[in-house]
Amino acid sequence: MNKYLSDKLKVVSFMAMILVVFLHGFNLVVRLKSGQTAVLDRSYNFFIQEFISQGIARTAVPLFFSISGFLFFLNTSGKLQEFKEKYRKRVKTLVIPFFFWSFWSLVLCFLFQQLPPPRIFFANELVTSYSAEKLLSTIFLHPIAYQLWFIRDLVILVFLSPLLFWLAKNLKFLLLLLLAGFWISNFNLLIVANEALLFFALGAYLSIFKQELLQVQLSAKQSFVLVLMWFCLILAKMGLIYFNYPPSIYMTILHKLGILVGMLAIWSVYDCLIYSKRDVILKWAPFSFFIYAFHEPVLMIFKPALFTLFGKGELNSLLVYIFAPLLSILLGIFVAAKLQKVSPKLYSLITGGR
């Protein structure tokens with residue numbers, strides 16, 4: 001892999017990470033300090049949050065799985081010894097960080113639930129009332145830092161990687177068509193999300209058969225057309241939602257097409273708008289994983305705290321939507337930089353050596 005592609009993967013990953021935080025910053029349905037919930041009216045605030053979080057940001061997770069699949073299968077010939085070595089490395093890069101951040105989010109939630117004012121921010125079930133079964137499930141399968149589902153599913157996909165490699169080698173593009181059918185129909189695969197499997201397999205397919213496609217650079221005009229198509233698909237879906245159109249196959253198709261076109265748009269925009277400024281982003285890109293692991297439940301704290309500070313209302317909701325993710329990102333970068341300086345070994349352990 002050359003430097004151009006390496007830099008592009010890092011920058012796109014960082015951009016996707018920012019989108020993930022704003023995806024989780026969505027607050028159109030909010031819990032007030034009183035413990036009640038309020039559904040905000042569908043005005044300009046609805047348009048902005050829906051467009052960004054439920055439109056643009058929905059490309060982030062597929063991008064992450066695609067990049068993960070591409071890197072995992074890069075230069076893989078299919079030998080058993082190769083997969084054993086990859087398993088060993090993923091214990092360091094995935095399993096250990098997963099358990100650390102899962103336990104950290106549990107402890108943080110427990111500590112905040114001991115303080116009367118913040119307790120309303122964690123108003124679900126108290127950690128002290130967890131059964132042994134619920135506690136184990138929270139640590140191992142369903143962490144309070146719910147974004148860790150990505151690592152959980154990635155670990156499962158890594159475990160299944162020899163099978164995926166064999167299927168990709170024999171079925172080739174047919175495998176992607178089959179998995180796309182599961183994804184579009186929302187077929188439940190039980191052990192792993194259909195979205196995770198499809199896009200991890202897409203990354204594998206590109207890595208094994210079509211690496212040259214990732215070197216293709218579109219013109220500014222072509223990128224503009226992709227972005228325009230992407231935005232139109234998002235707006236069409238939003239129109240159905242705004243006018244209370246019942247969920248249907250049309251809304252699903254618009255949503256899925258929006259994700260696919262959006263991934264291509266983000267990938268192509270890098271060459272037109274970002275490549276010349278990539279060094280600025282590359283400076284912060286190494287903190288991508290820390291931001292991902294750190295932003296929840298920190299964001300869960302910032303949102304109700306800012307609502308308490310600003311009060312209710314459309315404008316205040318929009319301000320919370322902007323500032324809560326930004327504060328979470330900036331705090332994540334600050335903590336990461338300090339921890340990396342003070343205790344580089346601990347930092348390396350909890351980020352998988354990233």
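Treat the numbers as computed from the prediction; the structure is a model and nothing was measured. We number each residue from 1, following the sequence as shown. Computed over heavy atoms, backbone and side chain alike; hydrogens, waters and symmetry mates excluded.
Atom CG of L309 sits about 10.0 Å away from atom CG of L319, to the nearest 0.5 Å. One distance of note links CG of L157 with CG of L160; it measures 6.5 Å at 0.5 Å rounding. Atoms CD1 and CG, on I234 and L254 in that order, are 11.0 Å from each other to the nearest 0.5 Å. One finds the CD1 atom of I208 at 9.0 Å from the CG atom of L164 (value rounded to the nearest 0.5 Å). In this structure, NZ on K172 lies 9.0 Å from NZ on K210, to the nearest 0.5 angstrom. A distance of 11.5 Å separates CZ in F99 from CG in L94, rounded to the nearest 0.5 Å.
Side chain of E85 to main chain of Q81: no donor-acceptor pair is present (N/O by atom type, distance under 3.5 Å, no hydrogens or angles). Without hydrogens or angle criteria, S6 side chain to N2 main chain gives no donor-acceptor distance under 3.5 Å. Checking side-chain atoms of E82 against main-chain N and O of K79 turns up a donor-acceptor pair under 3.5 Å. Under a 3.5 Å cut-off, the side chain of Q54 and the backbone N or O of Q49 do not form any donor-acceptor pair. Put simply, the side chain of N316 gets close to the backbone of F310: a donor and an acceptor are under 3.5 Å apart. For W101 (side chain) and I350 (main-chain N/O), a donor-acceptor pair under 3.5 Å exists by modelled atom type. The backbone N or O of F26 lies less than 3.5 Å from a partner atom in the side chain of K303, making a donor-acceptor pair. A donor-acceptor pair is defined here as one N or O able to donate and one able to accept, closer than 3.5 Å; such a pair exists between the side chain of H295 and the backbone of I291. N194 contributes a side-chain N or O that, together with a main-chain N or O of F187, makes up a donor-acceptor pair within less than 3.5 Å. No side-chain donor-acceptor contact under 3.5 Å links E50 to the backbone of G55.
Ring to ring, F64 and F199 are not that close: their centroids are 6.0 angstrom or more apart. In summary, the aromatic rings of F289 and Y292 are positioned with their centroids under 6.0 Å apart.
Looking at V192 and F159, their side chains never come closer than 4.5 Å, going by heavy atoms from C-beta outward. A 4.5 Å side-chain heavy-atom check between Q217 and Y275 finds every atom pair outside the cut-off.
For the pair K86 and F72, the distance from NZ or CZ to the six-membered ring centre is under 6.0 Å and the angle to the ring normal is within 45 degrees. A cation-pi contact links K134 to Y130, judged by a cut-off of 6.0 Å to the six-membered ring centre and 45° from its axis. With Y87 as the aromatic partner, R90 does not meet the cation-pi criteria of under 6.0 angstrom to the ring centre and within 45 degrees of the ring axis.
Both V61 and L71 are members of a single hydrophobic cluster when ILVMFWY side chains are connected at heavy-atom separations under 4.5 Å. Cluster membership check: V280 does not share its hydrophobic cluster with L326, using side-chain heavy-atom separations under 4.5 Å among Ile, Leu, Val, Met, Phe, Trp and Tyr. Taken together through direct or relayed side-chain contacts under 4.5 Å among Ile, Leu, Val, Met, Phe, Trp and Tyr, F150 and I18 form part of one hydrophobic cluster.
Under the 3.5 Å distance criterion, with hydrogens and angles disregarded, a donor-acceptor pair is assigned to the side chains of S219 and Q222. Judged by distance alone, the side chains of Q340 and S348 never bring a donor and an acceptor atom under 3.5 Å apart.
Around atom CZ of F323, no more than 12 heavy atoms belonging to other residues, nucleotides or ligands sit under 6.0 Å away.
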Exercise. Could you walk me through whether Y4 and D271 pass the side chain to side chain donor-acceptor pair (under 3.5 Å) test, one step at a time?
Key: CA-CA 10 Å; Y4 161 79; D271 298 304; 2.5 Å; yes

Exercise. Kindly indicate, with the supporting measurements, whether the criterion side chain to side chain donor-acceptor pair (under 3.5 Å) is fulfilled by Y146 and E296.
Key: CA-CA 7 Å; Y146 53 84; E296 285 286 13; 2.8 Å; yes

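Taking the six-membered ring for Trp and thresholds of 30 and 60 degrees, F73 and F165 have nearly parallel ring planes, at less than 30 degrees apart.
Across L233, L240, I241, a single residue satisfies side-chain contact (heavy atoms from CB on, under 4.5 Å) together with K237, and that is I241.
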